[in-house]
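Taking it in order: structure first as structure tokens, then the write-up.
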Amino acid sequence: MAGDRSQEAKAPVLEVRNLRVSYTTAAGPLRAVNGVSFYLWPGERLGLVGESGSGKTTTALSLMRLMQDTTVVEGGEVLLDGVDLLKLSEEEMRQARFAKISLIPQGAMNSLNPMMKVGEQLRDTIRAHQPKGNSKATIDARIQQVLESVELRLNVMDSYPHELSGGMKQRVCIAMSILLNPKVIIADEPTSALDVVVQRQVMETLRRVQVALGAAVILVGHDMGLMAQFVDRIGVMYGGKLVEVGPVRGIFKDPLHPYTQLLIKSLPNLDMKDVFRGIPGLTPSLLTPPPGCMFHPRCPQVIQRCSVDIPKFVEIKPERWAACHLCEGGRQ
Ligand code: SF4
């Protein structure tokens with residue numbers, strides 16, 4: 001399982017084991033997450049990166065058990081401090097959300113209720129997920145503390161979401177995610193709708209509150225540049241599987257998997273003289289996935305066995321995991 005030996009003295013705060021999730025479709029089951037396993041250490045920032053349809057958002061929502069009715073968790077474990085979230089009752093899971101594991105959802109700015117003032121939405125979050133008879137004064141004191149920590153003025157409590165800018169709404173979502181001091185925060189493309197300057201400011205705020213709280217973060221996204229600035233480790237997903245995991249510096253310096261290599265090459269940079277090129281080909285159909293390595297129809301380094309044998313996800317060198325036949329021989 002993909003981990004980091006430098007942290008082995010500590011216990012992981014989150015351990016995902018062989019998670020398998022599918023969608024029920026008219027054409028049959030679509031396996032969106034196919035045997036994903038990883039660790040998350042306390043206070044660590046892990047990025048899950050990949051193209052649309054790689055399974056990263058389904059993985060994130062499955063950890064929170066926030067899937068649509070058509071989604072089936074076929075197997076696996078999601079251990080938060082040793083407790084399997086997939087085995088909790090609905091009520092136990094509701095109490096765990098926000099208090100133990102929270103989500104900044106994709107399009108978070110639009111996830112706020114347009115009919116309710118921000119303060120009331122924040123109060124509702126505390127009442128719904130920590131119903132222990134807190135007084136309104138105690139709840140408001142906590143909300144004020146959290147709003148200050150995300151650099152928002154207290155008068156946003158009396159505002160409706162449409163009265164706030166995109167960056168302010170995003171900060172409200174960050175505030176909501178940390179209200180109950182969770183150990184893990186999942187941020188699913190948290191800044192995709194923001195301009196670059198606001199994006200950077202919001203990510204800095206997220207980093208600051210995360211460090212202050214000591215929470216671990218899973219950042220889900222497709223932007224390798226953003227990952228490089230924010231996370232400690234990266235997990236690259238393709239076709240519902242993790243294909244590479246490692247420390248961010250190592251991955252950018254020496255990506256092992258051909259797909260990771262192409263993701264990094266497709267980042268624009270100022271020295272670029274050639275025509276900008278993305279990754280050739282299309283992401284695989286998960287209803288009728290290609291045999292062998294799912295990446296083989298697009299892989300520039302494909303060899304004969306790639307279309308037949310599924311590569312194993314193995315530790316290639318310390319802290320570096322990959323699923324590729326070219327790496328199995330011990331590429332260094
Ligand atoms: Fe490419 Fe083969 Fe490696 Fe898959 S296993 S990434 S097709 S070289």
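Indexing begins at 1, ligand by ligand and atom by atom, following the structure's order.
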Quiz item: Among His257, Gln261, Arg320, whose side-chain hydrogen bond (donor to acceptor under 3.5 Å, both in side chains) with Glu244 holds?
Solution: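 Exactly one option meets the side-chain hydrogen bond (donor to acceptor under 3.5 Å, both in side chains) with Glu244, and it is Arg320.
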Quiz item: What protein N/O/S atoms are found closer than 2.8 Å to atom 1 (Fe) of ligand 1?
Solution: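 Checking every protein N, O and S atom gives Cys299 SG.
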Quiz item: Which heavy atom in Val302 sits nearest to a heavy atom in Cys306, and how many Å separate them?
Solution: CG2-CB, 3.7 Å
Quiz item: Where do Pro290 and His296 come nearest, in terms of heavy atoms and distance?
Solution: CB-CE1, 3.9 Å
Quiz item: Under the ring-ring contact (aromatic ring centres under 6.0 Å, His included) test, which residues partner Phe98, sequence neighbours left out?
Solution: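 With neighbours one apart ignored, the set is His129.
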Quiz item: Can a donor-acceptor pair be found between the side chains of Tyr160 and Glu120 at a distance below 3.5 Å?
Solution: no
Exercise. State plainly whether the residues Glu315 and Lys317 are in salt-bridge range, i.e. N to O under 4.0 Å.
Key: no
